[in-house]
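Working notes, beginning with the structure itself.
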Amino acid sequence: MLFDFELIKSVYEKMPERVNKARNVLGKPLTLSEKILYSHLSVEEKGEKFERGVDYVNFAPDRVAMQDATAQMALLQFMNAGKPKVAVPSTVHCDHLIQASIGAEKDLADAKDQNNEVYNFLESVSNKYGIGFWKPGAGIIHQVVLENYAFPGGMMIGTDSHTVNAGGLGMVAIGVGGADAVDVMAGMPWELKMPKLIGVKLTGKLSGWVSPKDVILKVAGILTVKGGTGAIVEYFGEGADAMSCTGKGTICNMGAEIGATTSIFGYDQNMSNYLRHTGREQVADLADVVMEHLRSDEEVYQNPEKYYDQLIEINLSEIEPYINGPFTPDLAHDLSSFAKAVKENDYPQTLEVGLIGSCTNSSYEDLSRAASLAKQAKDKNLKVKAEFVVTPGSELVRYTTERDGILKEFEDIGGVIMANACGPCIGQWKRHTDDPTRKNSIITSFNRNFAKRNDGNPNTHGFVASPELVTAMAIAGDLCFNPMTDTLVNEDGVEVKLDEPTGLEFPPNGFDMKDSGYLAPQANGSEVVVDVKEDSERLQLLAPFGEWDGSDYKGLSLLIKAKGKCTTDHISMAGPWLRFRGHLDNISNNMLIGAVNYFNEETNSIFNPVSGSYDEVPATARALKAQGVGSIVVGDENYGEGSSREHAAMEPRHLGVKAVIVRSFARIHETNLKKQGVLALTFADKADYDKIQEKDQIDIIGLTDFTPGTPLTLVVTHEDGTSDSIVANHSYNNVQIEWFKAGSALNLIRKQNK
């Protein structure tokens with residue numbers, strides 16, 4: 001469908017002048033990322049030239065997108081911003097609260113029944129404030145955005161880390177916390193540190209079993225889960241131009257797993273084709289006219305090493321399929337060496353479930369290529385050995401693939417079609433297993449595979465691969481199976497080999513659907529009443545956080561010293577906790593329950609200074625708060641990686657955490673903490689992490705002179721009376737310091753609106 005045409009037209013009309021101005025100011029050829037960033041500077045931005053990785057910059061994104069789990073808190077905050085209507089086009093997508101259990105029809109009906117209160121709230125708030133609303137079952141936010149809203153050269157933010165999916169259509173699309181979304185919806189400038197640039201030059205061409213998914217799986221192995229932090233990853237080259245638009249989207253989507261600010265491809269014929277096949281011919285016509293501004297300058301492509309902070313080159317003709325995991329998406333294995341890794345590491349070789357789809361890999365092309373293998377299995381009399389689950393990404397793709405017989409190919413080999421929702425990818429999966437304590441293996445075409453991510457089971461070894469490879473593995477039921485070289489024995493006892501997958505980028509008869517699931521808001525929603533019951537366990541109106549009292553923090557208790565990987569899933573779990581995403585106090589009962597306590601290597605078991613015994617993390621935080629004692633959280637490297645969920649910052653704030661000090665932060669989580677008024681600090685000397693002891697009392701000195709670039713000091717008093725002085729760095733600028741003083745960024749917005 002065609003939305004916001006006048007806005008898109010306006011962006012393209014202004015872009016040539018803005019790009020030329022930026023080129024003159026910077027005095028050099030421009031990358032695509034720079035063209036989009038500099039053409040989206042906020043009118044309030046005073047600077048003209050910015051240093052990558054150093055300068056904070058104010059931007060004016062074109063639109064905002066929110067999924068239902070994060071939209072609740074974002075919109076509860078927006079209701080306190082004092083605005084009658086959103087300042088930019090914004091949408092809500094109901095995709096996170098639908099649990100995959102039996103199948104699409106029953107699961108969707110159950111979700112509507114169980115989440116009726118939340119859906120009604122989101123629909124009424126959307127109606128009141130001029131926000132487009134996509135009903136449950138319409139599809140996953142990122143695929144719906146790609147099909148309807150993304151446009152080359154645009155800039156958007158979304159309250160989900162995989163907002164970056166829209167980079168597949170040439171858009172700078174960035175995952176943020178809800179407080180950032182409130183800024184933009186309230187018409188405020190949105191702040192981001194000017195990203196560094198990583199160039200990935202793709203030569204050659206994909207063929208056979210290799211797919212776009214394998215490109216990002218290889219890149220994840222190169223850059224690791226934090227190698228893209230603070231950077232935009234820009235793909236270019238003949239291999240990039242030859243790739244389908246949805247294939248580009250897959251690569252950008254999983255860029256979230258390397259910590260990248262976003263990923264992007266330059267506008268090309270395949271993007272133009274995708275716009276036309278999805279009913280946006282007018283956008284394609286406009287983009288074709290300004291194509292030179294929707295790609296990097298030719299000098300950049302000729303000498304990329306001069307214009308990117310880091311350059312990676314990949315020959316698509318030489319790579320093979322990849323399987324990444326378990327427990328982290330950057331543990332990359334090429335297919336030919338994977339069987340050896342399985343045996344050497346004692347991964348469970350029997351594959352129990354194969355899952356395809358999700359926002360990462362459920363395009364028409366993805367499903368048609370996977371279906372070609374399902375058809376082979378049927379035709380060659382192979383019995384599928386593992387469970388097989390299929391999650392379409394949108395109603396547009398689901399309806400079209402059903403019409404074209406693609407979904408039936410999956411069903412004919414025992415596949416179960418789930419609702420158009422996130423489902424197992426985010427832990428919304430009611431897995432049917434006879435023994436949850438058994439070590440087991442699953443393989444998915446999703447994006448993340450942290451421990452307990454998909455089914456809540458720490459014994460599940462999750463691996464990530466392309467939909468084609470997942471389908472082949474499900475047919476074999478064996479992680480050591482290599483479909484490029486190995487044979488399978490069919491029901492007649494005959495050895496057969498799977499042929500290379502084949503598929504179509506677009507449906508021959510075009511896309512179609514009966515009901516998109518979209519509800520437009522009222523032109524004037526001032527009379528719409530948003531009702532939140534006081535006794536609701538799902539929704540809770542927000543009270544503003546308190547302002548800083550003007551003093552240094554004294555006598556803070558250590559809450560937890562987290563050991564090793566501590567993602568937003570560890571800080572605020574998803575799965576069954578999604579039901580409380582609109583109720584801050586209730587969801588705070590999951591705060592840090594997945595983090596490993598450094599001192600006993602257990603989860604949700606820490607020393608409670610009030611009781612003098614071991615207790616759960618939320619209970620300990622509540623006990624300290626009740627005593628008027630603030631607390632501090634200590635973390636390791638890349639603390640807060642993963643989802644954009646701001647609950648991981650709001651819960652500590654709500655339960656009295658004053659500061660989080662870590663060896664290093666993931667970008668979104670650091671910003672979320674700042675926005676909620678929690679001090680986000682890093683050890684100047686990473687070895688000082690080791691000095692923190694279990695019963696420490698901590699003072700934070702220097703807040704009365706809190707200024708950009710000046711470290712703070714932690715005075716850490718140990719149980720035996722000795723103490724250590726620790727230098728704590730921070731990345732606060734003047735505006736962010738004002739957030740801290742006001743108690744939160746939202747408090748500052750409210751003051752300014754008054």
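On a predicted model such as this, the values are computed, not experimentally measured, just so you know.
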Item to complete: Tell me yes or no: between the side chains of Asn672 and Arg667, is some donor less than 3.5 Å from an acceptor?
Response: no
Item to complete: Inspect the contact between Asp685 and Lys691 and indicate whether a charged nitrogen and a carboxylate oxygen are less than 4.0 angstrom apart.
Response: no
Discussion item. Considering only residues two or more places apart or on different chains, which pairs with a residue in residues 595-620 satisfy salt bridge (Lys or Arg N to Asp or Glu O under 4.0 Å)?
Written reply: Lys563-Glu601
Worksheet entry | For Glu651, salt bridge (Lys or Arg N to Asp or Glu O under 4.0 Å) partners two or more places apart | none
Discussion item. Could you work out, with side-chain hydrogen bond (donor to acceptor under 3.5 Å, both in side chains) as the rule, every residue matching Gln627, not counting sequence neighbours?
Written reply: none
Worksheet item: Taking C-beta and beyond as the side chain, do Asn449 and Phe463 meet within less than 4.5 Å on heavy atoms?
Response: no
Item to complete: List the atom of Ser101, the atom of His432, and the distance in Å for their closest heavy-atom pair.
Response: O-NE2, 3.1 Å
Fill in: Contacts of Asp435 that satisfy side-chain hydrogen bond (donor to acceptor under 3.5 Å, both in side chains) - sequence neighbours left out
Thr437
Worksheet item: Ignoring hydrogens and geometry, is there a side-chain-to-backbone donor-acceptor pair from Ser536 to Arg538 under 3.5 Å?
Response: yes
Worksheet entry | Residues which pass ring pair (Phe, Tyr, Trp, His ring centres under 6.0 Å) with Phe78, listed by chain and number, not counting sequence neighbours | Tyr129
Worksheet item: Salt bridge check: are Glu352 and Arg438 linked by an N-O gap of less than 4.0 Å?
Response: yes
Practice prompt. Report yes if the side chains of Leu223 and Asp330 come closer than 4.5 Å at any heavy-atom pair, otherwise no.
Written response: no
Worksheet item: Between Arg622 and Asn589, is any side-chain donor less than 3.5 angstrom from a side-chain acceptor?
Response: yes
Discussion item. Quick one about Gln114 and Gln99 (side-chain donor to acceptor, distance below 3.5 Å, no hydrogens or angles considered), yes or no?
Written reply: no
Discussion item. Under a 3.5 Å cutoff, is there a donor and acceptor pairing between the side chains of Gln540 and Glu534?
Written reply: no
Worksheet entry | Point-to-point distance, once rounded to the nearest 0.5 Å, from NE2 of His162 to CG of Asn253 | 5.0 Å
Discussion item. The criterion is ring pair (Phe, Tyr, Trp, His ring centres under 6.0 Å); which residues satisfy it with His669, sequence neighbours excluded?
Written reply: Tyr639
Worksheet item: Which pairs with one or both residues in residues 630-645 pass salt bridge (Lys or Arg N to Asp or Glu O under 4.0 Å), sequence neighbours excluded?
Response: Lys226-Glu637, Lys565-Glu641, Asp569-Arg645, Asp636-Arg663, Glu637-Lys686
Worksheet item: Does some side-chain heavy atom of Asn638 sit less than 4.5 Å from a side-chain heavy atom of Phe665?
Response: no
Fill in: Within-4.5 Å side-chain heavy-atom neighbours: Val735 and Tyr56
no
Item to complete: Please list, chain by chain and in numerical order, all residues satisfying side-chain hydrogen bond (donor to acceptor under 3.5 Å, both in side chains) with Thr159, sequence neighbours excluded.
Response: Thr70
Worksheet item: Is a side-chain donor-acceptor pair under 3.5 Å present for His93 with Asp68?
Response: no
Worksheet item: Which pairs count as salt bridge (Lys or Arg N to Asp or Glu O under 4.0 Å) when at least one residue sits in residues 709-725, sequence neighbours excluded?
Response: Lys695-Glu719
Worksheet item: Strictly by modelled atom types, are Asp455 and Thr460 linked by a side-chain donor-acceptor pair under 3.5 Å?
Response: yes
Discussion item. Just checking Lys625: does its NZ atom have more than 12 heavy atoms from other residues, nucleotides or ligands closer to it than 6.0 angstrom?
Written reply: yes
Worksheet item: So, for Phe706 and His730, is the gap between ring centers shorter than 6.0 Å?
Response: yes
Fill in: Residues Asn457 and Asn459: side-chain donor-acceptor under 3.5 angstrom
yes
Fill in: Point-to-point distance, once rounded to the nearest 0.5 Å, from CD1 of Ile606 to CG of Asn600
9.5 Å
Worksheet item: Considering residues at least two apart in sequence or located in another chain, which fulfil the side-chain hydrogen bond (donor to acceptor under 3.5 Å, both in side chains) criterion with Asn729?
Response: none
Worksheet item: Looking only at heavy atoms, which two atoms of Ala69 and His96 are closest? And how far apart?
Response: CB-CB, 3.8 Å
Discussion item. Tell me every residue that passes ring pair (Phe, Tyr, Trp, His ring centres under 6.0 Å) with Phe446, counting only those two or more places apart in sequence or in another chain.
Written reply: none
Fill in: Qualifying residue for side chain to side chain contact (heavy atoms under 4.5 Å, CB included) with Leu748, from Lys741, Met188, Glu738
Glu738
Discussion item. Can you list everything that forms a ring pair (Phe, Tyr, Trp, His ring centres under 6.0 Å) with Phe327? Sequence neighbours excluded, please.
Written reply: His461
Worksheet item: Hey, are the side chains of Trp739 and Asn747 touching, using non-hydrogen atoms and a 4.5 Å cut-off?
Response: no
Practice prompt. Run through Val176, Asp183, Val182 and flag the one making a side chain to side chain contact (heavy atoms under 4.5 Å, CB included) with Lys675.
Written response: Asp183
